[in-house]
> 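Once you've had a glance at the structure underneath, I'll fire off some questions.
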There are 2 protein chains.
Amino acid sequence: MSMHEPAVPELPERKLRPARTNATKQRLFDASMELIGERGAAGVTVDEIAAAAGVSKGTVYYNFGSKSDLIAQLLRHGVDIMLGRLQTIEGLHADPLEAMEAMLGQAMDFMDDYPSFARLWISENWRTPSEWGKLFVELRSELLAVIGAAIEKVATTYTVDTGIARGSLEAAMFGAIFVVGLDRQTYNPERTREQSIAAIMTIMRGYVLR
Amino acid sequence: MSMHEPAVPELPERKLRPARTNATKQRLFDASMELIGERGAAGVTVDEIAAAAGVSKGTVYYNFGSKSDLIAQLLRHGVDIMLGRLQTIEGLHADPLEAMEAMLGQAMDFMDDYPSFARLWISENWRTPSEWGKLFVELRSELLAVIGAAIEKVATTYTVDTGIARGSLEAAMFGAIFVVGLDRQTYNPERTREQSIAAIMTIMRGYVLR
DNA sequence: CTAACCGAACTGACCAGTCAGTTCAAATAG
DNA sequence: CTATTTGAACTGACTGGTCAGTTCGGTTAG
């Protein structure tokens, strides 16, 4: 049960300057991911975030325009990392089902490394007139596209149940991934990574006809 | 897109008195379910809840000891209704897979009727040192028990993949149910009830060996 | 090499507004 | 007559956001 976000795999250096500011932003990301993941966006104060990042409140507003903006960038940041992880398996597996399994493994590992992001995502995603509604639509579709592509490959290689709507299937996978992952972290840490992957793969096995 | 909680199917009248107070409590439940489902527990004020229920703030504190207590009772209330719905199919289907399908139908209908509860549940469920942590553990296990029982019947009637851990499978079902349901409401209202059920049933079809 | 300089990055006290929670006398309804 | 509700007042803590002032690292002139 480690529970600390690891350093990010190096975002592109922006200009010449932001030696300090990049590090600061990173620490603000880490701190706010942790806190917001635990208590929700509305439950965390900017003061707390600043304190946790070892930075003054003013610095938060120097680096981000507002609390809302910080969270928006946080979401973008987290999704970028997750997308990166999911795409590492690209072209490594001949069998689409194996590829899917590897992808689920990446997803589970991501959730181990960034548990707070998963919580943040799931707790803010379906708020109705959300401040970040537009952003969620965009990020969601990026994530679903990756899952959808993996399903697509399965569908072209195997005979699948064409009666199942693709969109609903993606949503089911998505939901299973997040909830199985979060449940494991929060309530059942004894469950293994492989157990979890196997349970989610059940969906794909039910999709493929034999 | 209706989005209004219908009247509750009559909870047992408590004593003799609470003719007025029961109605008041009900309206407070409805109002807070709506608001908290939309903006989260921390994002809603007691004043707002009182106003939305058409009741004074004092009444909230007369009927509930605190905001926290209100939310706890709200969770209990919602889970009771959901449990009631899921159990209506009890013994109506000879085939466990049909029973499961009927149960998923009940779950989808519940989410249509109480969309805000689903949002409330999913957004507060995995908060780490949650104020309602103990309560969530209890309510969660009640819900999972019902799903688990339905899976159990499938497992005794059909030949299933015993390599799949029961707990993880329940979690996968649970996650698929909520996310498919919420996604349909929030982002894809054009998806049908049956489409959604079919997608979730994929899990069970993958679990059963043929 | 070094001292003066510059602007980006950061600080923390401060503000005006909001919050949950409490109380209570008066009104109302069963 | 009594349980319930009202609505308003009050508190003390906390909120997001602002801003005048300070620090820092790198650049440049001498």
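Note that the coordinates shown come from a computational prediction; the quantities given were computed from them, not determined experimentally.
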> Could I get the full list of side-chain contact (heavy atoms from CB on, under 4.5 Å) partners for Ala165(A), not counting sequence neighbours?
Ser168(A), Gln195(B)

> Is any side-chain heavy atom of Met82(B) closer than 4.5 Å to one of Met111(B)?
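Met111(B) vs Met82(B): side chains apart.
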
> Under the side chain to side chain donor-acceptor pair (under 3.5 Å) definition, can you give me all pairs with a residue in residues 49-58 of chain B, not counting sequence neighbours?
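Found Asp47(B)-Lys57(B), Ser56(B)-Thr59(B).
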
> Please state whether the phosphate of dT4(D), meaning OP1 or OP2, lies under 4.0 angstrom from any side-chain nitrogen or oxygen of Thr24(B).
no

> Round to a whole Å and report the spacing from CD of Gln26(A) to P of dC10(C).
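After rounding, the gap between these two atoms is 13 Å.
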
> Does dC10(C) have OP1 or OP2 under 4.0 Å away from a side-chain N or O of Asn63(A)?
yes

> Of all residues at least two apart in sequence or in a different chain, which pass the salt bridge (Lys or Arg N to Asp or Glu O under 4.0 Å) check with Asp161(B)?
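With neighbours one apart ignored, the set is Arg205(A).
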
> Please, which pairs that meet ring pair (Phe, Tyr, Trp, His ring centres under 6.0 Å) have at least one residue in residues 129-149 of chain B, sequence neighbours excluded?
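Those involving residues 129-149 of chain B are Trp121(B)-Phe136(B).
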
> For Ser141(B), enumerate each residue passing the side-chain contact (heavy atoms from CB on, under 4.5 Å) test, keeping only those at least two apart in sequence or located in another chain.
none

> Of the residues in residues 52-61 of chain B, which ones touch DNA chain C at a heavy-atom distance under 4.0 Å?
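Heavy-atom contacts with DNA chain C come from Lys57(B), Tyr61(B).
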
> Between Tyr114(A) and Asp30(A), do the side chains contain a donor N or O and an acceptor N or O under 3.5 Å apart?
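Tyr114(A) and Asp30(A) do not have a side-chain donor-acceptor pair below 3.5 Å.
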
> Show the atom names and distances, to 0.1 Å, of all donor-acceptor pairs under 3.5 Å that link a side chain in residues 173-183 of chain B to residues at least two apart or in another chain.
residue, atom, partner, partner atom, Å
Asp183(B), OD1, Trp126(A), NE1, 2.7
Asp183(B), OD1, Arg140(A), NH1, 3.0
Asp183(B), OD2, Arg140(A), NH1, 2.5

> For DNA chain C, what are the stems built from at least three Watson-Crick or G-U pairs in a row, each pair having both distances below 3.5 Å?
C:1-30 with D:1-30

> For Glu131(A), what residues pass the side-chain contact (heavy atoms from CB on, under 4.5 Å) criterion, not counting sequence neighbours?
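Scan of Glu131(A) (side-chain contact (heavy atoms from CB on, under 4.5 Å), adjacent residues dropped) gives Ser68(A).
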
> Rounded off to whole Å, could you give me the CG-to-P distance for the Leu70(A) and dG16(D) pair?
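In whole Å, dG16(D) P lies 11 Å from Leu70(A) CG.
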
> Which parts of residues 41-51 of chain B get close to DNA chain D, meaning a heavy atom less than 4.0 angstrom away?
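Output list: empty, so none.
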
> Rounded to the nearest angstrom, tell me the gap between atom CZ in Phe64(A) and atom C1' in dT18(D).
18 Å

> Quick one: ring pair (Phe, Tyr, Trp, His ring centres under 6.0 Å) partners of Tyr61(A), sequence neighbours excluded?
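Testing Tyr61(A) for ring pair (Phe, Tyr, Trp, His ring centres under 6.0 Å), a comparison that skips the adjacent residues, returns none.
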
> Can you name the side-chain contact (heavy atoms from CB on, under 4.5 Å) partners of Ala52(B), sequence neighbours left out?
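Ala52(B): side-chain contact (heavy atoms from CB on, under 4.5 Å) contacts with Ala31(B), Leu35(B).
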
> Is Ser66(B) close enough to dA20(C) that one of its side-chain N or O atoms is under 4.0 Å from OP1 or OP2 there?
no

> Rounded to whole Å, please give me the gap between OH in Tyr62(B) and C1' in dT6(D).
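So the OH-C1' distance, Tyr62(B) to dT6(D), works out to 13 Å.
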
> Please state how far atom CG in Asp69(A) lies from atom P in dG17(D), giving the value in whole angstrom units.
10 Å

